[in-house]
Amino acid sequence: MRLPKEKISVEMVFRSLYYVAKSVERGENPDIVTSKVQRAKLLGLVKAIRKRHRETQQIREQIWEAVPLS
């Protein structure tokens, strides 16, 4: 699943690098990208959709709703 870049929490990505460092310290060689994608929800890497975001989206849909021409 592909997400827009603005849905990714940069702060949480950096925070999750701690776990990568611990894996390397234990002698493991993790694939960083794959492990982050597999654990994205657990690590909180994807921002949740907030109530205000849903409300804003509904307003946009109402404004740009197709208007019948006849």
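Bear in mind the structure is a predicted one, so any value in this text is a computation, not a measurement.
- In this structure, the separation between CZ on R60 and CD on E65 is 16.0 Å, given to the nearest 0.5 Å.
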Under the criterion salt bridge (charged side-chain N to carboxylate O under 4.0 Å, His left out), I'd like the reasoning laid out for E55 against R52: C-alpha separation, chi angles, the key distance, then a yes or no. CA-CA 5 Å; E55 291 171 349; R52 64 184 163 91; over 6 Å; no
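- Closest approach of K47 and E6 over heavy atoms only: NZ-O, 3.4 Å.
- For S9 against G44, the heavy-atom pair with the smallest separation is CB-O, 4.1 Å.
- Expressed to the nearest 0.5 Å, how far CD of E61 lies from CD1 of I63 amounts to 10.5 Å.
- In this structure, OG in S23 is found 11.5 Å from CG in D31, a value given to the nearest 0.5 Å.
- The shortest distance between side-chain heavy atoms of K36 and V13 does not fall below 4.5 Å.
- R39 CZ to T34 OG1: the interatomic distance, rounded to the nearest 0.5 Å, is 10.0 Å.
- In the hydrophobic cluster analysis, where Ile, Leu, Val, Met, Phe, Trp and Tyr join through side-chain heavy atoms closer than 4.5 angstrom, Y19 is grouped together with V46.
- L43 and V20 fall into different hydrophobic clusters, where Ile, Leu, Val, Met, Phe, Trp and Tyr are joined by side-chain heavy atoms under 4.5 Å apart, directly or via other members.
- I8 and Y18 fall within a single hydrophobic cluster, where Ile, Leu, Val, Met, Phe, Trp and Tyr are joined by side-chain heavy atoms under 4.5 Å apart, directly or via other members.
- Heavy atoms of other residues, nucleotides or ligands lying less than 6.0 angstrom from CG of L17 number more than 12.
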